[in-house]
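Each remark here refers to the structure printed beneath this line.
Any value given below was found using the heavy atoms of this structure, including those in side chains, with hydrogens, waters and symmetry copies removed. The residues of the chain are indexed from 1 along the displayed sequence.
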Amino acid sequence: LHVDTVPDYYVIYWSASYTDINVILEDELTPEDILIQASLPIENLLVPVSYVMDQCLRGIEISTIESYYQTSYRTTIRQQIKAATDQLETATGVYFQKKLIKNERHDYDMTPIYEKYWTNTLYHTPIVSIEKAALKLNEIEIIAEIPPGWVQIGNSLEGVVKIMPYSGSYNGLMFIYTVGVGIAILLAGSSYIPDFFSYDYYAGLDWDNIEANEKEMIRYAISRRVAINMLPNLDVHRGLSSESKSIDGASKSTSYTSSATFGEHSAAIENYMKQEAAWIQSFKKKYLTRLKVG
């Protein structure tokens with residue numbers, strides 16, 4: 001049994017096709033004919049295939065999709081959802097689901113304003129949680145792991161993390177001495193060390209805790225990008241160039257272009273692209289506060 005475990009959606013498919021690999025599709029047999037397979041892999045997609053078809057590919061024949069892509073429409077759409085998600089995460093600079101970033105390195109730079117704590121601005125935002133912070137002098141040697149209680153997220157949207165001791169004096173040297181005498185001597189003569197801090201952290205949207213309306217907008221954005229990517233390939237004639245018909249209707253002449261610019265879906269694509277550009281701008285302004293979006 002194949003169940004799409006998309007958040008807020010549970011979609012079951014069944015089929016006797018492809019029984020050699022236990023692929024189960026929808027709308028081919030009744031539930032009584034299902035051969036249950038609990039070991040089928042489940043992909044983590046934010047959008048169900050049926051959602052994409054209903055929202056942004058409505059009216060497109062399944063046979064048209066399968067004819068062009070030479071595979072089942074469900075496989076095609078799932079691949080397109082992955083690609084569209086990657087495209088939009090790159091365009092917005094935000095992961096739609098939290099993602100683990102490992103061993104992100106930042107420099108030690110002791111400027112006077114940060115004498116009482118150390119601060120870094122992580123590359124990916126919003127920050128969900130800091131899993132581990134450590135001090136390193138090279139790629140393989142960990143000097144010390146920083147106690148979790150000393151690591152504070154100053155601003156999750158701006159990616160600011162502060163490391164501040166919570167025992168003894170609020171003095172940067174106190175923290176240095178807790179690491180070890182050898183490191184204290186090293187740092188005493190240096191105000192800058194490249195790649196000294198190492199962070200493992202989760203960044204992106206905390207999907208389970210964002211508003212339902214925000215989830216729906218992201219789902220629709222992914223579906224819309226799928227349509228933008230696919231529709232140029234699904235024009236039956238790949239673009240009408242010219243058409244003429246005799247007055248009595250006895251003869252008709254039609255020519256087509258291979259360009260999708262003038263295809264039967266060109267108006268929908270243009271509209272979707274305008275919607276997407278506006279959504280990306282709005283999304284970046286909300287979640288990338290340290291960037292100036294113009």
For this session: Might you work through the side-chain contact (heavy atoms from CB on, under 4.5 Å) test for Val52 and Ile77, ending with a clear yes or no?
Result: CA-CA 8 Å; Val52 176; Ile77 300 297; 4.1 Å; yes

Exercise. Can you check side-chain contact (heavy atoms from CB on, under 4.5 Å) on Ser198 and Glu104, steps first, answer last?
Worked result: CA-CA 5 Å; Ser198 171; Glu104 182 175 299; over 6 Å; no

Exercise. Between the side chains of Thr64 and Ser67, is a donor N or O closer than 3.5 angstrom to an acceptor N or O?
Worked result: no

Problem set entry | Interatomic spacing from NZ in Lys99 to OH in Tyr202 - rounded to 0.5 Å | 12.0 Å

Exercise. Is there a donor-acceptor contact under 3.5 Å from the side chain of Thr92 to the main chain of Leu88?
Worked result: yes

Problem set entry | Glu211 and Lys215 ion-paired at < 4.0 Å | no

Exercise. Is there side-chain contact between Lys274 and Ile269, with heavy atoms separated by less than 4.5 Å?
Worked result: no

Problem set entry | Non-hydrogen side-chain atoms of Ile228 and Met273 separated by less than 4.5 Å | yes

For this session: Flag the pair Glu131 and Lys102 as a salt bridge only when some basic side-chain nitrogen lies within less than 4.0 angstrom of an acidic carboxylate oxygen.
Result: no

For this session: Scan side-chain atoms only and decide if Asn103 and Lys136 contain a donor-acceptor pair under the 3.5 Å cut-off.
Result: yes

Seminar exercise, completed: Between Ala84 and Val226 the two heavy atoms that sit nearest each other are CB-CG2, 3.7 Å

Exercise. With a 4.5 Å limit on heavy-atom distance, are the side chains of His106 and Phe196 in contact?
Worked result: no

For this session: Flag yes if Ile101 and Ile127 sit in one hydrophobic cluster, no otherwise; membership is Ile, Leu, Val, Met, Phe, Trp, Tyr, and two members link when side-chain heavy atoms are under 4.5 Å apart.
Result: yes

Exercise. Is Gln80 reaching over with its side chain to a backbone N or O of Met230, donor-acceptor style, under 3.5 angstrom?
Worked result: no

Exercise. Is a side-chain N or O of Thr90 found less than 3.5 angstrom from the main chain of Asp86, in a donor-acceptor match?
Worked result: yes

Exercise. Taking the six-membered ring for Trp, is the centroid-to-centroid distance between Phe283 and Phe96 below 6.0 Å?
Worked result: yes

Problem set entry | Heavy-atom pair with the smallest gap, counting every atom of His265 and Leu231 | CD2-O, 3.6 Å

Seminar exercise, completed: Shortest non-hydrogen pair, Ser129 vs Ile153, comes out as CA-CD1, 4.3 Å

Exercise. Would you say the side-chain atoms of Asp107 pair up with the backbone N or O of Asp195, donor to acceptor, closer than 3.5 Å?
Worked result: yes

Exercise. When rounded to the nearest 0.5 angstrom, what distance separates CG in Leu57 from CG in Leu234?
Worked result: 7.0 Å

Problem set entry | Donor-acceptor contact present, side-chain Thr85 to main-chain Ile81, <3.5 Å | yes

Exercise. With hydrophobic residues grouped by side-chain heavy-atom distances under 4.5 Å, do Val94 and Leu100 end up in a single group?
Worked result: no

Exercise. If you look at every heavy atom in Lys98 and Val128, which pair is closest and at what distance?
Worked result: CB-CG2, 3.9 Å

Seminar exercise, completed: Smallest heavy-atom separation, Val151 atom then Ala133 atom, equals CG2-CB, 3.9 Å

Problem set entry | Glu89 versus Tyr95, closest heavy-atom pair with distance | OE2-CA, 3.6 Å

For this session: Anything under 30° is parallel, anything over 60° is perpendicular, the rest tilted; go ahead and classify Phe197 against Tyr108.
Result: tilted

Exercise. How many angstroms lie between CD1 in Ile62 and CZ in Arg74, if you round to the nearest 0.5 Å?
Worked result: 8.0 Å

Problem set entry | Between CD on residue Gln79 and CG on residue Leu45, distance to nearest 0.5 Å | 11.0 Å

Exercise. If you round to the nearest 0.5 Å, how far is OH of Tyr220 from SG of Cys56?
Worked result: 4.0 Å

Exercise. Taking C-beta and beyond as the side chain, do Arg58 and Met53 meet within less than 4.5 Å on heavy atoms?
Worked result: no

For this session: First locate atom OH of Tyr69, then atom CG of Asn233, and finally report the distance between them rounded to the nearest 0.5 Å.
Result: 4.0 Å

Exercise. When the ring planes of His124 and Tyr201 are compared, do they come out parallel, tilted or perpendicular, using 30° and 60° as the limits?
Worked result: tilted

Exercise. What's the verdict on side-chain contact (heavy atoms from CB on, under 4.5 Å) for Leu122 and Ile130, showing C-alpha distance, side-chain angles and the deciding distance?
Worked result: CA-CA 11 Å; Leu122 304 186; Ile130 305 296; 3.9 Å; yes

For this session: Give the intermediate values and the outcome of side-chain contact (heavy atoms from CB on, under 4.5 Å) for residues Lys82 and Arg78.
Result: CA-CA 6 Å; Lys82 291 180 185 178; Arg78 292 176 74 84; 5.6 Å; no

For this session: Scan residues 222-232 for pairs that pass side chain to side chain donor-acceptor pair (under 3.5 Å), counting only residues two or more places apart or in two chains.
Result: Gln87-Asn229, Arg224-Gln275, Arg225-Asn229, Arg225-Glu276

